[in-house]
Colleague: 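One structure follows; several queries about it will come next.
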Amino acid sequence: MELPEHARRNRAAWDVTAAEYAKWAPRQWEDENWSWGMWGTPEDDLGTIGDVDGLDVVELGCGTAYWSAWLARRGAHPVGVDLSEAQLATARAMQAERDLHFPLVHASAEDVPLADAAFDLALSEYGASLWCEPEAWIAEAARLLRPGGRLVFLTNSLLSVLCAPDEGPASDRLLRRQREVRRIEWPGEEGIEFHLAHGEWIALLRRAGFAIDALHELYAPEDAEPSRFEWITPEWARSWPHEEVWVARRES
């Protein structure tokens, strides 16, 4: 595949950033609990995924593949897909250290070299859901899923992006026009993010053949400490949703 400009830039950015994420990978792989996002909202509290024993799962933008590891320990058959070879190198090292093996595919989630209708569940936590062009990766998720298969993904909340300045933590004021956040290039950063308003997500998912089952808006817990992502403070995230988890189902 000839990568589009945003994918080439994101691959270059993540090949550099991977060294930092490698530091966190051992703790994430060792965690027996599965959780979402900055403050580790427990999946058992949300109930977005349910029993995965025996399911075929594709993680789109898997990074160090800790989500795939959590799924494999629960009996799923995951395949991790990521654009960054450096991120996949960390994932392979974690697999070897813990003797937990599943396929890892070096590819863009916008063009996945896997068969149609091969999976029961497609998942993304700040992978394809943030760094891929929305129409392209949602179409791929629909292609990869069997009828009745589920898509679950987490990304930044729309409100957090609207309140984010070019530098520093999110404000309690709207700082961006909603029509301007679809593609964001942060000053001094190589990568390109994609964000949609809720109405746009709904329309896109429906066009791709999905029925929407749930939208979970996540808040920081009352005892939350600052995370490594300084642009969202615990104080802000206790007042407004900082992340959102979408749950959709591929219609036949």
Side-chain angles (χ1 to χ4, degrees), residues 7 10-11 14 17-18 21-22 24-37 40-41 43 46 48-96 98 100-134 136-146 149-155 194 208 210 243-250:
N10 284 340
R11 179 177 60 184
W14 278 104
T17 308
Y21 278 71
W24 302 317
R27 177 179 58 82
Q28 292 167 319
W29 269 70
E30 289 165 5
D31 198 338
E32 292 298 322
N33 300 310
W34 49 358
S35 61
W36 293 98
T41 301
E43 163 57 24
L46 292 183
T48 63
I49 296 179
D51 184 10
V52 297
D53 188 26
L55 296 186
D56 296 313
V57 183
V58 60
E59 185 181 0
L60 299 171
C62 66
T64 61
Y66 58 87
W67 252 106
S68 287
W70 293 340
L71 291 161
R73 290 196 199 104
R74 290 164 171 80
H77 309 296
V79 177
V81 177
D82 203 90
L83 186 59
S84 168
E85 180 57 43
Q87 285 277 72
L88 292 178
T90 300
R92 293 189 192 99
M94 293 296 100
Q95 288 184 327
R98 286 150 182 83
L100 181 63
H101 300 277
F102 45 83
L104 296 169
V105 178
H106 184 210
S108 169
E110 298 177 15
D111 188 13
V112 181
L114 297 171
D116 295 358
F119 297 95
D120 305 297
L121 173 66
L123 179 141
S124 177
E125 185 201 42
Y126 281 136
S129 56
L130 181 61
W131 302 101
C132 289
E133 198 283 324
W137 85 265
I138 289 292
E140 276 295 84
R143 181 185 68 80
L144 292 166
L145 285 170
R146 297 169 179 136
R150 289 173 296 140
L151 170 64
V152 183
F153 65 92
L154 174 142
T155 189
F194 295 90
F210 286 100
E243 294 166 320
E244 52 196 45
V245 180
W246 290 80
V247 183
R249 180 172 23 87
R250 183 75 168 96

Colleague: Tell me yes or no: between the side chains of T155 and S129, is some donor less than 3.5 Å from an acceptor?
Modeller: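 No pair is found: no donor N or O on one side chain lies under 3.5 Å from an acceptor on the other.
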Colleague: Can a salt bridge be assigned to the pair D120 and R146 using a cut-off of 4.0 Å between side-chain N and carboxylate O?
Modeller: yes
Colleague: Is the backbone of Q28 close enough, under 3.5 Å, to the side chain of W70 for a donor and an acceptor to pair up by distance?
Modeller: yes
Colleague: Distance-only, no hydrogens or angles: does the R150 side chain make a donor-acceptor pair with backbone N or O of I49 under 3.5 Å?
Modeller: yes
Colleague: With the threshold set at 4.0 Å, does a side-chain nitrogen-carboxylate oxygen contact exist between E30 and R98?
Modeller: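 Salt bridge: yes.
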Colleague: Closer than 3.5 angstrom, by distance alone: can the side chain of S124 be matched with the main-chain N or O of F153 as a donor-acceptor pair?
Modeller: no
Colleague: Look only at the side chain of W29 and the backbone of T64, and say whether a donor-acceptor pair between them is shorter than 3.5 Å.
Modeller: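 Checked: pair present.
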Colleague: Is the shortest heavy-atom distance from the side chain of C132 to the side chain of E110 under 4.5 Å?
Modeller: yes
Colleague: Using 0.5 Å steps for rounding, measure from the CD1 atom of I138 to the CH2 atom of W246.
Modeller: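 I138 atom CD1 to W246 atom CH2 measures 10.0 Å (nearest 0.5 Å).
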Colleague: Would a 4.5 Å heavy-atom cut-off, applied to side chains only, mark T48 and W36 as touching?
Modeller: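 Touching, per the 4.5 Å side-chain cut-off.
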Colleague: Can you tell me if E243 uses its side chain to pair, donor with acceptor, with the backbone of G37 under 3.5 Å?
Modeller: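 Flag not set: sc E243 to bb G37 has no pair under 3.5 Å.
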Colleague: Are the side chain of E125 and the backbone of W67 linked by a donor-acceptor contact shorter than 3.5 Å?
Modeller: no
Colleague: Are the side chain of R73 and the backbone N or O of L100 linked by a donor-acceptor pair below 3.5 Å?
Modeller: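 No; judged by distance alone, with no hydrogens or angles, the pair does not exist.
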